[in-house]
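Everything below concerns the one structure shown next.
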Amino acid sequence: MLEVLIKEAREKKLFSCPVFNDGSILGVFIRLPDEIHIDDKKWVKKYRIRETENGPVKIPYGIDYIKTEYKEKDIPEFTNNFKPIPPDGLSDNELANWYIELHKKGLI
């Protein structure tokens, strides 16, 4: 894994940054935890199946955020008719951020 990080840093030419050096990657890599503990209510582990001589084995390779599905009955009545209208003239990125902020506030 360390080799992958160093290779990526070299491909991206991060060494041209005056505060970056390959040695800093090792320091960050060493401080990474051996395990990541996740809240099972919001996150789920992702697995790949690898065939071994003893049969299939689940190998963890990442995590995903669990999206919550709401039913209409769970939404307060006063918000059922709320139809947000974005401001005029927003770029695609600004529009996406506008919707993200509404979502964070629970408005959509």
Side-chain angles (χ1 to χ4, degrees):
M1 180 64 111
L2 180 60
E3 295 83 21
V4 173
L5 294 173
I6 291 173
K7 180 182 175 210
E8 186 73 18
R10 288 184 178 151
E11 285 177 7
K12 301 283 190 228
K13 303 195 182 332
L14 296 179
F15 57 84
S16 62
C17 174
V19 296
F20 179 85
N21 64 53
D22 287 358
S24 66
I25 295 175
L26 181 59
V28 170
F29 186 78
I30 289 172
R31 289 191 306 270
L32 289 174
D34 292 331
E35 294 181 10
I36 297 175
H37 299 280
I38 57 176
D39 177 358
D40 292 337
K41 295 177 184 169
K42 296 179 185 173
W43 299 90
V44 62
K45 295 177 190 174
K46 294 166 59 171
Y47 294 93
R48 289 192 176 108
I49 303 296
R50 179 171 292 157
E51 293 294 330
T52 67
E53 57 189 48
N54 297 327
V57 176
K58 287 172 47 174
I59 307 293
Y61 74 94
I63 58 175
D64 265 342
Y65 188 73
I66 300 172
K67 295 177 185 154
T68 305
E69 298 274 332
Y70 294 102
K71 297 182 174 77
E72 191 169 335
K73 68 178 182 65
D74 298 330
I75 301 171
E77 188 176 323
F78 67 89
T79 62
N80 286 346
N81 296 324
F82 178 71
K83 305 261 190 283
I85 300 171
D88 290 334
L90 295 179
S91 69
D92 288 344
N93 282 343
E94 291 169 328
L95 184 61
N97 288 331
W98 184 80
Y99 277 111
I100 289 168
E101 287 303 314
L102 285 178
H103 180 72
K104 284 181 182 177
K105 293 175 184 174
L107 297 174
I108 58 171

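Residues that satisfy the salt bridge (charged side-chain N to carboxylate O under 4.0 Å, His left out) test with Glu94, not counting sequence neighbours, are absent from this structure. Here Lys7 pairs with Glu11 under the salt bridge (charged side-chain N to carboxylate O under 4.0 Å, His left out) rule; sequence neighbours left out. Considering only residues two or more places apart in sequence or on other chains, Lys58 meets the salt bridge (charged side-chain N to carboxylate O under 4.0 Å, His left out) condition with none of them.
Residues Tyr47 and Val57 are members of separate hydrophobic clusters, defined by side-chain heavy-atom contacts under 4.5 angstrom among Ile, Leu, Val, Met, Phe, Trp and Tyr.
Annotation: Lys46, atom NZ; neighbour count of heavy atoms from other residues, nucleotides and ligands within 6.0 Å is above 12.
Atoms CG and CG, from Asn97 and Asp92 in turn, are 11.0 Å apart once rounded to the nearest 0.5 Å.
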